[in-house]
Every structure is written in C-alpha cells, then in structure tokens.
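Down below is the structure, laid out as structure tokens.
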There are 2 protein chains.
Amino acid sequence: MAKSKRKPKKASVSANRVAELAGVSRSAVSRTFTDGASVSAETRAKVLAAAERLGYHVNHLARGLIHHRSGIICLIVAEMQTPYQAAFVDMATRRLQAIGKVVMVLNATGQPANVEAALRQTLNYRADATVVVSGSPPASLIETCIENGQRVILINRDDAAAGPHVVMVDNDTAAREAMLMLRRAGCVRLAVISSTAGTPSIIARERAFAAAAQEQGLEVQIVRAGPTGYAAGADGARQVLALSSRPEGVFCTTDLLALGFMDAARQEFCLRVPEDLCVIGFDDIPEAGWLGYNLTTFRQPIEEIVSQIAQILETEDEEDTGPRCLPVQVVWRRTVRP
Amino acid sequence: MAKSKRKPKKASVSANRVAELAGVSRSAVSRTFTDGASVSAETRAKVLAAAERLGYHVNHLARGLIHHRSGIICLIVAEMQTPYQAAFVDMATRRLQAIGKVVMVLNATGQPANVEAALRQTLNYRADATVVVSGSPPASLIETCIENGQRVILINRDDAAAGPHVVMVDNDTAAREAMLMLRRAGCVRLAVISSTAGTPSIIARERAFAAAAQEQGLEVQIVRAGPTGYAAGADGARQVLALSSRPEGVFCTTDLLALGFMDAARQEFCLRVPEDLCVIGFDDIPEAGWLGYNLTTFRQPIEEIVSQIAQILETEDEEDTGPRCLPVQVVWRRTVRP
DNA sequence: CCATCAATTGCACAGCCTTGCAACAAAACT
DNA sequence: AGTTTTGTTGCAAGGCTGTGCAATTGATGG
C-alpha cells in the first residue's frame, strides 16, 4: 500500500514462453543465448525464430544473479558538464560498451556524502568494477567493495594507498615542462592560476611547477580564485594582473581556468597573448583549439586512460600492478612564444 | 571453457548470512530493507548491526527480478562531449538519482546500429524507462519496449508517432523570434548556419526561421557545412562571408556553430560583432556567456525538461498526454544590436 | 481468566536464468 | 555388428530476494 507500490505492468516475456513456442526445453533457449554452449543449428534456429516473434530479450538481472557479475561498470563522476569530464565519460562509455560492458553513471556532484551514496549503488547492483573519476570515496567503503569481489579503479587520485587500481597522468613532468617552456620564452615573473578544489591532480601540478621554479631561483605566485572553471580563471586574472609587477608567464592548472584567464586579460587589461603574457593550460579540451584561443597546453591521454581501464577489466588476476602513470604530451599552439 | 569464463571471485554476502548472524529469519532481513514492511524495532536493530558488520548490501538485481522493475533508467545519447549534451546528462543523472533511480548511459555515437544495440541493452536490463536524447530508434524496437511494459521518452524528436512520451522544446517560436530580433536590429540580408546532422530540432529551427523571413519578404541563405559543432560553424562563415553580398544577420541553429562562426568572422574576415554582423545562437551553453563571445541566444530549459521526465516517471497511468512542449527563453547578450 | 485484536515472524513459493549431470541419439570406428 | 566417440537435450538445483499466508506472541478489553 506504500506509495512506491506499482503494478508490475505487463510481465515481460521469459525464456519459458519462448521454449514453449519453439517446442524445446528452457535449457535450449538459455544455451542459444550463451556463447559457447552446445546447441544444434536446428534448435537454435527454432529458438531464435520464436524469440524474435515474442520479442524476447535475455534478462541480464537474472543472468547477473548467477554469474555474480552484472556486466555493469559504475562511473563515479562529478561536474560532468565540464568539457574534460564530459569527454572522459564519452570515451569511457564508448570503449566499455565495445568490450561488452555497460556503464552506470553516478553523479557525485555536491556533498561528499554523495560519493558514498554512489558507491553504495555500485554495491547494490553488483557492478563488475567501479571507476572513480571525481571525489574521494571513504576508505571503508572501498574496502567493502573489494571484499565483495569488486574492483575499484581510481583515476588521477593516488590518495588511497593500497588495494584499488590506480591510473594517473604524469602531472609532475608536465608541470616542470611548463615551467621550462615559460622560462625559455623569457618569462621571469611567473604565476600559477589554480582552483580551490584541491584535487590530487591540481595540487600535484601546483607543487611541481613551484618546485621547478624554485630550483631556478624564481618566485611563483599561486592564485586560487574559486572552484575549477572559467570564472575562477577570470577572477584569477583580475587578482594577479592588477598588481604593479604583473607576471609574464602563467601556468593554469586547467584549460578552463586558462581560457577564463585569457579572456579577462585581453578584455579587461588589454594585454596581448603571447606578446605581453604567455599562458599554458592543461587538459587540451576542444575549446583550447578554438581560433580565438589557440592555447598551448598538455593533452590528457583520455584514450590511453580508458584503454588502461579496459585492460584492467580484462585481466583475470587481481595482481596489484601498482599505479599506472601515463605520459602527457605538450600541444604547442600560440599562447607561448617559441 | 570459453574465454568469457571468469571465476566468481568471492561470493558477496547475502541476506542469508546476515540472518544467520543476527539470529533471525531471512524474511526479517528482507523486511528490514523494504520500506513499509512490518518489523519490530528490536529485530530491525539486530539486522542492521549484522548487516553493517558483514558489509551487506541488498542485491538490486534479485530485487529487480521480482518487482519487474530494476530502478534503472537508460539514457541513449550521442556526442556526449558537446557542452549541451554533457549538461543534459549531468542534470538528468542528478535529478533521477534524487528520486531514487539510477542512470545507465548508452552511447549511441556512430552508426545508427548503435542506437539499436543500446535499446537492446535497455531491454536486457529491464530498465524502468528509456530516455532517447540522440538518434532515431527503429519503431519496431520501441514497440517491443512498450510491449514489455517499459516506457520510452523521446527528447526533442517528434518523429515517432504514437506510443512513447515526447518532451520537446518550442523550436518554432524561438526561431521566429530570432528572425524578428535580427529584423529589428536592421538586418536585411539573413543567413542560417546549420549542420548536416538533420536532427528534428535543427530542421525545425531552420524551417521556422526561413518561413518567418519569407513572410516578411526576405530571402534567407541556409548553409550546412558539416556535422554540428564548432568547425562547421567556422566553415559556414568561410562560405557565407566570402560572398560579395554577405549577410548582416545570422541565426545559428546551435551555440557551438555560432561560436565557430563568430571566431572565423572576427579572425579571418575582420568583422565586428554586432556592429557589422548580428549573431544569434541556440542552447545557451556555458561558453556562450564567456567574455569573448557574449552570445545572444535561446536557453534550453534543461531543468524543466528533466523535471518533465521525472514527472512522467512518477506518474502511474500510462495515459499518453501527448507531446509536452516547453517554451524557450531568449538570453540577451551582446551579439545583436538592440 | 478468557476472548479479541494487532503486530510480528517464519515458511515456502515465485521470479528468471545458467549449468552439471545423466540420458540419449547418431555417427564413426574396429 | 558391436563399441566408442561426439554432440544434444532435458531435468533439476542453485543463485538472491520479496511477499502471501498462517502461526505465534503479546497486549488489550470485558
């Protein structure tokens, strides 16, 4: 009588009905739809015909019940409307579908509690694996996942020590390279435009850039004007360019920050890029290549990251191969003087 | 023996084990996790304690098996990396999670066959409903969905006649309004920059704009330079602005097209917007509000669309309320002279 | 003290599928 | 022809949960 009570509509057609119509046993139907099972061509044909006529589709819920694996991969993600995350989800769904998986997207935007709720769903649906792109899941829940035979794959977040698989990108090398690029362009006063999000990736980029600069005896100003995004980049520009000695070279920890920064620099401070100011981003989102920006940046190897995920999924053994670190590639465009 | 054979890892903990540990029947466990079931506070507490200790999570696969509804909503989408689609998926996952559903994303980018495969998965997992955002599913499969008691919700595609629910946006009124806005800004030579995608929405916008212009006795040039996106917008500009009598007012059927168009117009033809050229877009993606663009456009009411979806899902009766058409709102910025 | 009632609990079945096992038929071989 | 091999097929059990029904319990009222 509760509000959640729904009438079961029309029961969907089951293997029983197909078997009946085809004049074979239910097992035969099952085997027809199971790879590698032993069925004669004749019965197979009969079954397929009957299935087609009735609109039968194997119930993956029941199948998952038996196999202890549902074929579902959970993707825990937040801020999905940002270009980088969107591109990632796009690529991931495509690749994982190609290897016969299906992706359940759990949006963990907002409170950290949402990550926990998302991870719970993962367990409820007996997902084959969980890919965490955003947010930091509580260690206890990760443990539960693993104890239940589930795999957890962390992308660009090395905080959780052992257990889950980790795929990350070589933020350090990239950030150091960025510093050298600005240095070679003749920039002396440097700044990092970053965000208050404080994700492992962003922190790593800030730190590595600052460390590299310090080794050269250069001072770096770090500005975090808000949550990662265009607006924070623009605000960062307003903070940093109003100073008497404005920076000549800027490393933005995200492309979106870089684009906001450049727009504010040009519109509100009448600065030219790269003549007055060199800018480097990170991610290589599509917008970075637009005519108005031509942002020099580092390409996140999304395809490779997803390939690593696919590879982990297809590997039998639970060997902890340690974190996999992928190189990033610099994309030269026109916001840094050569 | 097939390659797909996997060892079932560790069997996850079932209600049986919890019942055992708590010293109650398995039914008690089940009822503890069922809303509105009759359990004493005492046993409930015992069960919860045992469940916590064992890391038990209700198996939604088995639950779905009984209820004939899995709690899964399938979202069939393509080109997910584009800002509009990404924003839609973001909003949809958030809202649907809030009403206790979980979203399975099926990427139908590429061949039309992919849509069919996606719709099959929908049936395999006994989804409560399927939301089609991209692609045109074959009518026969939609029929199968409905026969199996599943709901199909089409967004911005009115092609399928009866049966599924349809939520769409008032493209016609918006496009006519766009025409009037350009007219009032004093533009006489008009153009529509569109794409070769040929989705119902885009076609509707083209047609309505052209019809409105014709009523005023104005000629309109329609250019489709490629698949919907930034590049096609820039190419459209190259085609249309190279002519001797270039248009003064341009309606782009998508913001992404508009941004590409504007960039090419400014960079490659040294035209000023809106002094030399007025531009109107459609969607109101975040990029449209960036400082360098300030694009006047029409806001797609994403929240309202998703609200409609939620409302359909929460309605008991399968009454076909006919297509729901939502108004779009004009967002005045600075690419059209007032 | 007994009857009545409500609340709780356990049993057993249903829901849909996969698969080991055994039975079976046909084909291949000696 | 008899025997072994190979390939099919059906039976039945198992996986996990929700729920109708009946039974039990405790409380309430006369």
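Here is how names work: the chains are called A, B, and so on, in the same order as the sequence lines, proteins then strands, and each is numbered from 1.
- In terms of phosphate contacts, A/Arg63 brings no side-chain nitrogen or oxygen within less than 4.0 Å of OP1 or OP2 of C/dC17.
- The phosphate of D/dC16 has neither OP1 nor OP2 within less than 4.0 Å of any side-chain N or O from A/Tyr125.
- Overall, the helix from C/dC1-D/dG30 to C/dT30-D/dA1 carries an axis bend of 40° between its ends, with five pairs at each end and the value rounded to 10°.
- Here the rule is side-chain contact (heavy atoms from CB on, under 4.5 Å) with A/Leu326, and of A/Met168, A/Gln308, A/Gln300 only A/Gln308 fits it.
- Nearest to the side-chain atoms of B/Ser14 among the listed nucleotides D/dC16, C/dC16, C/dT18 stands D/dC16.
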Using a cutoff of under 3.5 Å, can you pull out all pairs of nitrogen or oxygen atoms linking the protein to nucleotides 10-12 of chain D, with atom names and distances?
from	atom 1	to	atom 2	distance (Å)
D/dG10	OP2	A/Ser25	N	3.1
D/dG10	OP2	A/Ser25	OG	2.8
D/dG10	N7	A/Arg31	NH2	2.8
D/dG10	O6	A/Arg31	NH2	2.8
D/dC11	N4	A/Ser27	OG	3.0

Could you pull out the protein-nucleic contacts involving nucleotides 5-8 of chain D (nitrogen or oxygen on both sides, under 3.5 Å)?
from	atom 1	to	atom 2	distance (Å)
D/dT8	OP2	A/Ser38	OG	3.2

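- By the 4.0 Å N-to-carboxylate-O rule, A/Lys101 lies close enough to A/Asp128 to be salt-bridged with it.
- Between B/His60 and the phosphate of D/dC16, there is no side-chain N or O to OP1/OP2 separation shorter than 4.0 Å.
- With sequence neighbours excluded, the residues that form a side chain to side chain contact (heavy atoms under 4.5 Å, CB included) with B/Arg120 are A/His57, B/Glu116, B/Leu141.
- For the salt bridge (charged side-chain N to carboxylate O under 4.0 Å, His left out) test, residues two or more places apart in sequence or in another chain that qualify with A/Arg94 are A/Asp90.
- For the side-chain hydrogen bond (donor to acceptor under 3.5 Å, both in side chains) condition, the pairs that include at least one residue of residues 40-52 of chain A, sequence neighbours left out, are A/Ser40-A/Thr43.
- When heavy atoms are screened at a 4.0 angstrom cut-off, A/Tyr56 is found touching the sugar-phosphate backbone but no base atom.
- Comparing C/dC17, D/dG18, D/dC16 by their closest approach to the side chain of B/Ala62 singles out D/dC16.
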